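This structure is a prediction, so every number in the text was calculated from the model and none was measured.
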Amino acid sequence: MSPPRADLSIVGAGLAGPLLAILCARRGLAVRLYERRSDPRAGAAPEGRSINLALAARGIAALERAGLMAQVRPLMIPMRGRMLHERHRAPVLVPYGQRPHELIYSVSRAALNRVLIEEAARQGRLELNFGHSCLGATREGQLELRDERSGELTRLDAAPLVATDGAGSAVRTSLVDCGAVSAREEVLDHDYRELTIPARAGKHALEMNALHVWPRSDFMLIALPNTDGTFTATLFLPRTGGVSFQSLATSQAVSALFEREFPDVQALLPDLTAQFAAHPQGRLGTVHAAPWHVGAEVLLLGDAAHAIVPFHGQGMNAAFEDCVALDALVAQPLGWAERFARFEAERRPQAQAIARMAIENYAEMREHVRDPRFLRQRALALELEQRFPERFIPRYSMVMFHPEIPYAEALRRGAVQQEILEALADSAPGPSGIDEPLAARLIRERLPLIGR
Ligand code: FAD
């Protein structure tokens with residue numbers, strides 16, 4: 001017999017699912033959440049994706065709205081900027097912003113997931129079902145589930161249903177199969193592999209308050225700190241070709257790459273080749289799906305709707321913003337069809353904008369950060385932000401530190417700002433290093449006050 005119908009069903013209790021469930025349960029909805037994994041409170045860790053993530057202002061704003069920051073703050077390690085490791089040079093810290101609060105934070109995915117699940121479990125009207133895999137969903141919101149312990153299959157009417165089952169969403173796949181949604185995954189030709197840099201005498205082996213980057217033009221290594229003194233390093237490499245994962249088929253090839261490109265990291269990784277062999281190679285891509293909703297029955301949200309590449313550190317932040325946007329619509333006296341339609345209209349342009357900026361940021365991290373012209377423009381952008389803080393904010397800062405500026409607006413303003421930077425680079429600088437009258441004129445003419 002099917003259980004009584006919930007006001008809202010959610011598939012996927014990764015990052016977005018439990019946050020959305022908490023927000024909706026607090027609005028008085030009876031929410032039922034289904035997750036394939038077993039309960040993380042019993043020790044199960046989230047599946048294979050990144051061990052830690054960068055949390056920034058948009059994600060923090062959402063967690064604040066859910067009243068979760070007291071539990072999340074102890075998990076956060078501030079990162080002040082990118083620590084650039086060039087070959088044969090001392091590392092240099094390039095700050096992310098220019099104000100003390102302009103930081104991003106490294107958090108453990110497993111610990112964050114646990115905080116969310118614990119809070120979800122405290123909500124009276126929220127039922128958590130772990131060990132339940134979604135095998136598919138119909139356009140009417142009927143869900144097919146498999147109990148992972150007993151193998152029992154169930155079908156239930158779950159509409160309204162929100163799919164937060166991640167980049168490989170089973171719900172999205174079945175909606176594609178029945179023709180209700182069309183979807184395309186743009187797979188990046190670079191994969192990734194994670195490695196753990198152990199603590200040294202209980203302490204971080206590298207500067208703790210930074211996101212470390214070893215940019216090497218066509219590939220890169222990054223490392224984010226963990227609270228236990230370790231770092232999670234991620235190697236991003238082309239799948240095939242010269243320096244590629246394909247070319248690293250032997251331990252000798254792995255050692256040779258690190259010896260040549262990342263000798264400082266190799267010195268910190270005594271078990272490099274064993275880790276490299278043991279850890280999975282992950283794919284990266286952008287999911288383009290349309291529509292995200294089917295009537296009042298099903299909505300895709302978070303990575304299920306719009307997975308992006310991780311180079312701006314915004315996938316989770318964007319998924320959390322999605323939850324806040326839907327919660328604001330749940331607060332209004334609307335039907336689900338209207339809520340889902342408005343959600344999609346509001347969030348689609350934002351998802352498209354961050355997807356594009358995330359791809360662009362890969363080139364910035366692995367290549368442009370080493371380019372003197374890029375570094376000059378960045379210094380100029382920071383200078384202009386100081387002089388015109390209500391009009392000119394570097395694009396990276398808009399995305400990471402200004403949740404009040406939607407992604408699409410950050411993309412649009414960023415393009416105008418780039419043109420201004422180029423015009424200034426071509427003009428004769430005044431005594432302060434900038435053609436000030438030209439800067440003031442272009443900025444006032446082309447960049448309206450933020451928020452107007
Ligand atoms: P997920 O967190 O993937 O959750 C999906 C959940 O659904 C999982 O718990 C899964 O077990 C469950 N599930 C899947 N299939 C089924 C099924 N059939 N039935 C039932 N349950 C199912 N974002 C950032 O903001 N900052 C970063 O620094 C960052 N770094 C990243 C680094 C890497 C290498 C990668 C791959 C991603 C990174 N991201 C980052 C992106 C971030 O991980 C995602 O955007 C975020 O996890 C999306 O949340 P979600 O809830 O939509 O999906």
Side-chain angles (χ1 to χ4, degrees), residues 8 10 12-31 33 35 37 39-46 49-80 96-97 99-128 130 162 164 204 208-211 224-232 301-302 313-328 330-331 399-404:
L8 180 69
I10 300 175
L15 296 175
L19 180 62
L20 180 67
I22 293 165
L23 294 170
C24 290
R26 293 212 186 127
R27 299 257 176 226
L29 301 186
V31 181
L33 189 52
E35 164 62 47
R37 283 178 292 123
D39 191 338
R41 291 168 297 172
R49 318 198 82 201
S50 68
I51 291 160
N52 54 21
L53 309 117
L55 174 67
R58 290 168 202 270
I60 291 173
L63 292 167
E64 256 161 10
R65 180 166 172 142
L68 286 169
M69 282 308 288
Q71 292 101 296
V72 174
R73 204 162 281 117
L75 312 176
M76 295 167 37
I77 302 181
M79 297 185 289
R80 291 188 289 128
Y96 281 127
R99 302 192 179 89
H101 66 275
E102 291 182 342
L103 306 167
I104 62 173
Y105 300 89
S106 178
V107 286
S108 144
R109 182 188 292 269
L112 182 55
N113 181 245
R114 206 180 159 118
V115 163
L116 290 165
I117 297 293
E118 280 169 354
E119 184 63 18
R122 280 193 275 272
Q123 311 302 309
R125 292 174 66 76
L126 206 166
E127 182 190 299
L128 289 163
F130 289 98
V162 179
T164 51
H204 289 91
M208 174 173 80
N209 296 117
L211 190 155
L224 274 72
N226 297 309
T227 49
D228 62 0
T230 63
F231 273 87
T232 302
L301 183 145
Q314 281 293 311
M316 161 186 66
N317 287 277
F320 282 174
E321 266 196 342
D322 280 359
C323 297
V324 171
L326 187 58
D327 176 52
V330 168
V399 170
M400 302 310 267
F401 310 130
H402 288 269
E404 76 284 5

Undergrad: Does a side-chain heavy-atom distance below 4.5 Å link E119 with P18?
TA: no
Undergrad: Taking it one step at a time, do F401 and L103 satisfy side-chain contact (heavy atoms from CB on, under 4.5 Å)?
TA: CA-CA 8 Å; F401 310 130; L103 306 167; 5.5 Å; no
Undergrad: Find the distance between CG (L68) and CG (L112) and round it off to the nearest 0.5 Å.
TA: 9.0 Å
Undergrad: Of all the heavy-atom pairs spanning M76 and I60, show the shortest one and how long it is.
TA: CE-CD1, 4.1 Å
Undergrad: Please examine the side chains of L75 and T227, heavy atoms only from C-beta on, and report whether any two atoms are closer than 4.5 Å.
TA: no
Undergrad: Closest heavy-atom contact between L19 and C323?
TA: CD2-CB, 4.1 Å
Undergrad: For G14 and L116, which heavy atoms make the closest approach, and how far apart are they?
TA: O-CD1, 4.4 Å
Undergrad: Compare every heavy atom of I117 with every heavy atom of P40, then report the nearest pair and how far apart it is.
TA: CG-CG1, 3.7 Å
Undergrad: Kindly indicate whether the side chain of V31, heavy atoms from C-beta on, has any atom under 4.5 Å from the side chain of Q123.
TA: no
Undergrad: What is the minimum heavy-atom distance between Y96 and M79, and which atoms define it?
TA: CD1-O, 3.7 Å
Undergrad: Considering the options L20, L53, N317, which one meets the side-chain contact (heavy atoms from CB on, under 4.5 Å) requirement together with L15?
TA: L53
Undergrad: Does a side-chain heavy-atom distance below 4.5 Å link L211 with S106?
TA: no
Undergrad: Take a 6.0 Å sphere around CZ of R80 and say whether it holds more than 12 heavy atoms from other residues, nucleotides or ligands.
TA: no
Undergrad: Between the side chain of N226 and the main-chain N/O of D228, is any donor-acceptor distance below 3.5 Å?
TA: no
Undergrad: How about L63 and V115: do any of their side-chain heavy atoms sit closer than 4.5 Å?
TA: no
Undergrad: Using every non-hydrogen atom in the two residues, find where G12 and L33 come nearest and quote the distance to one decimal.
TA: O-CD1, 3.7 Å
Undergrad: When you compare the side chain of R125 with that of R26, does any pair of heavy atoms fall below 4.5 Å?
TA: no
Undergrad: To the nearest 0.5 Å, how far apart are OG1 in T164 and CG in D322?
TA: 10.5 Å
Undergrad: Apply ring pair (Phe, Tyr, Trp, His ring centres under 6.0 Å) to F320 and list each qualifying residue two or more places apart in sequence or on a separate chain.
TA: none
Undergrad: Less than 4.5 Å apart, any side-chain heavy atom of E35 and any of L128?
TA: no
Undergrad: Does any pair with a residue in residues 53-63 pass side-chain hydrogen bond (donor to acceptor under 3.5 Å, both in side chains), and if so which ones, sequence neighbours excluded?
TA: R58-E321
Undergrad: One thing to verify: whether R122 and E118 come together as a salt bridge, which I'm taking to mean a side-chain N less than 4.0 angstrom from a carboxylate O.
TA: no
Undergrad: How about V72 and L55: do any of their side-chain heavy atoms sit closer than 4.5 Å?
TA: yes
Undergrad: How long is the gap from CG on L326 to CG on L8, to the nearest 0.5 Å?
TA: 7.5 Å
